[in-house]
Amino acid sequence: MICPKRTSELLDLHLAPFKDKDPAWEVGVSKIAGRGVMATRNLKRGEIIFQDSPLLIGLAAHEEDTLNACSVCFKMLPDTRFMCRQGCGLPVCSLCAKKKQHKTDCDMFKAWGSNEPDVANSVIIRLLCVARAINLSKDQRDLIYCLQANLDNNHRTEVRNAAKCFKNFPTDKKIVEIMNRTVAVLRTNGFDKTTDRTTDNQEFNYRALYPLFAVMNHDCIPNSYYTFEEKTNNMIVRAAVDIAEGEEITTTYTKLFTGNIARHLFLKMKKGFTCKCPRCLDPTEKGSFISGLYCRDTNCSGLVVPEITGLPHPNWNCLVCKQKSTHAQMMKSQDFASGAINAKVNSNSLRTLVHYLNEKSDSFIPSSNYVVIDAKLSVLGRLAQGREDCNEELVSSTRLRYCRDITQIMDKLGLGDSVLRTQLEQQLHKEEERRAKKQKELAEKQRQLDELEQKAAEADKLLATLAVADQAVGGAGDGAAATPAAEQT
Ligand SMILES: C[S@@+](CC[C@H](N)C(=O)[O-])C[C@H]1O[C@@H](n2cnc3c(N)ncnc32)[C@H](O)[C@@H]1O
């Protein structure tokens, strides 16, 4: 393990513009693994713990991505003429083309000589984040070297493949080693993520290295969560729950709603470790039954969970009738359910999907299963876009029901705050407010109706009285008229 003190010194230099005078964190020896980030005082849920800025950042440029995003500001560019006119092989906007960052990138890639400088090549564009490490200061580079790098067999492939795209790719061992090391550090600690920018409403994929975040260990129920500052791409880490002084601040490297086995496989294959957090050690995942399936015995309504956690192919056990099933048997049920639900998710009609989730899927997959949760999240996402052809009542009831279902599962898991929880709570709040407002309007309409009815009843009553009076007067009149007439005759 690299000394936490040296890591702290280098992090202090990197974070100098943002670091509090009295930071709420320090790098220390972790009980989970190697170094970790520790709380230096009690932290309240929601409190900012630290701000981290990217030491390296660049476009993710996956093969399937559109490549017309600026390599400096990441803004999407028009489909044509987005490549640098200097022939470096990088996409850049006209504003950023004049910036120092691009000049450095451009000089480096021009010297390497892209084979096809006018064609956007995902391998070249993706390499930029890695290649930027070459031009960092010594302290910054030391910080990269200070971070954990899982040196698996594949970490050299990226640079090797990129080398084929240039005529004069560096052969200097030191430079190639910096790039290979950076790839390994990025793979162990980096971010490869999609972001939706709210201001320009554009989505872009980037890869980045946030060095303080890179020292945070994983827990499947993390006690912190992060958001990004749009302008700077800085990361803001907040407490997801109250955290006591001395406690380790953890994050999650996986999606919150992945089942035990999928999380285990991802962490083992991609991050090289086996998680032993309480959620991972509990086959029911804290009673949330996220991976739970129905018993194969049609006469039993029990839930089936893995017998032992931490295995890629465990046997499964029914919690009611105790029948054992093999992993292959249970995966058949899971695959069938996933296939059926995902087919509906990918079909065009939201109404069909909602009907299926509300009325049909419960007969073959428990509503706690991650496939159902994912499908409900997809429905909520589509409703948020507001483009679906659904009536108001369906939108409202679905939103309320799914937000409640998902927050309930989060509560069972013991998950504190997160970006997702905030979004769900906002949607719930908005929907509840809308419903309350509608009910108030309905009550007001009812009151007005009652008032009108009352007035109408009063008017009827009055009319009836008048009619009676009229009749009485009419009757008396007839008599009165008769008399004088009689008198006249
Ligand atoms: C981003 S680094 C975290 C910081 C790391 N502990 C260090 O000393 O630099 C990720 C690596 O930390 C280790 N790690 C993180 N969380 C872990 C956990 N829950 N259990 C075991 N190892 C973990 C794994 O080796 C993983 O590849």
Side-chain angles (χ1 to χ4, degrees), residues 1-12 14-15 25-39 49-50 52-57 129-130 133 140-155 180-193 207-226 235 237 240-241 243 246-256 258-282 285-286 309-312 413-415:
M1 178 184 43
I2 298 158
C3 164
K5 193 161 167 270
R6 178 69 183 138
T7 317
S8 297
E9 285 165 5
L10 292 166
L11 280 169
D12 278 351
H14 175 67
L15 295 173
W25 59 272
E26 65 184 4
V27 175
V29 176
S30 161
K31 284 189 186 136
I32 303 174
R35 296 160 296 184
V37 180
M38 313 294 163
I49 309 174
F50 63 77
D52 198 0
S53 79
L55 179 58
L56 290 171
I57 188 162
C129 177
V130 173
Q140 288 173 320
R141 201 130 21 86
D142 283 353
L143 183 51
I144 294 183
Y145 272 74
C146 210
L147 299 173
Q148 186 169 322
N150 299 339
L151 302 170
D152 58 27
N153 292 337
N154 292 327
H155 83 279
N180 279 330
R181 178 76 184 201
T182 304
V183 170
V185 168
L186 276 165
R187 285 160 65 107
T188 311
N189 313 279
F191 252 88
D192 217 325
K193 87 179 277 303
R207 66 195 305 209
L209 179 65
Y210 290 89
L212 177 51
F213 181 79
V215 189
M216 285 173 85
N217 282 314
H218 162 91
D219 192 304
C220 297
I221 311 288
N223 61 9
S224 76
Y225 71 102
Y226 52 82
M235 175 192 272
V237 175
V241 290
I243 301 174
E247 221 178 290
E248 177 155 0
I249 301 161
T250 55
T251 184
T252 177
Y253 304 168
T254 67
K255 290 203 306 186
L256 294 173
T258 323
N260 259 352
I261 296 172
R263 287 201 318 283
H264 170 82
L265 282 174
F266 172 82
L267 292 172
K268 188 90 197 138
M269 309 287 289
K270 294 273 180 186
K271 301 289 169 181
F273 68 92
T274 299
C275 181
K276 300 228 165 61
C277 77
R279 177 176 170 187
C280 282
L281 296 177
D282 176 358
E285 301 192 45
K286 300 186 136 193
T309 62
L311 291 180
L413 280 168
L415 287 166

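Numbering of ligands and ligand atoms starts at 1, following listing order.
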Salt-bridged, Glu285 to Arg263, with N to O below 4.0 Å?
yes
Please could you name the atoms of ligand 1 that [X] approaches to less than 4.0 Å, counting only its heavy atoms?
X      : result
Met216 : 1 (C), 3 (C)
Asn189 : 1 (C), 2 (S)
Val215 : 4 (C)
Ala214 : 1 (C), 2 (S), 3 (C), 4 (C)

Between Asp219 and ligand 1, is there a nitrogen or oxygen pair with a distance under 3.5 Å?
no
Would you say Ala33 has any N or O atom under 3.5 Å from an N or O of ligand 1, going by distance alone?
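In this structure, Ala33 places an N or O atom under 3.5 Å from an N or O of ligand 1.
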Where does the angle between the aromatic ring planes of His218 and Tyr253 fall among parallel (under 30°), tilted (30 to 60°) and perpendicular (over 60°)?
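Correct class here is tilted.
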Measure up the Phe191 and Phe213 rings against each other and bin them: parallel (under 30°), tilted (30 to 60°), perpendicular (over 60°).
tilted
May I ask you to test the [X]-[Y] pair for a side-chain heavy-atom distance under 4.5 Å?
X      : Y      : value
Pro54  : Leu209 : no
His14  : Asp52  : yes
Arg187 : Asn154 : yes

With the threshold set at under 4.0 angstrom, would you say Gly272 reaches ligand 1 through any of its heavy atoms?
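The answer is no, since Gly272 has no heavy atom less than 4.0 Å from ligand 1.
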Between ligand 1 and Phe213, can you find any atom pair, the residue atom being a heavy atom, that is separated by under 4.0 Å?
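Flag not set, Phe213 not near ligand 1.
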I need the contact type for Asn150 against ligand 1. Using non-hydrogen atoms and a strict under-4.0 Å cut-off, is it side chain, backbone, both or neither?
side chain
The one among [options] that brings a heavy atom closest to [atom]:
atom                    : options                      : value
atom 11 (C) of ligand 1 : His218, Lys270, Gln148       : Gln148
atom 12 (O) of ligand 1 : Asn217, Thr188, Ile32, Val37 : Asn217
atom 9 (O) of ligand 1  : Lys31, Arg35, Lys276         : Arg35

Keeping to residues at least two apart or across chains, list the salt bridge (Lys or Arg N to Asp or Glu O under 4.0 Å) pairs with something in residues 217-226.
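Every pair satisfying salt bridge (Lys or Arg N to Asp or Glu O under 4.0 Å) with a residue in residues 217-226: there are none.
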Taking only residues two or more places apart in sequence or in another chain, which ones pass side-chain contact (heavy atoms from CB on, under 4.5 Å) with Thr188?
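So Thr188 forms a side-chain contact (heavy atoms from CB on, under 4.5 Å) with Gln148, Asn150.
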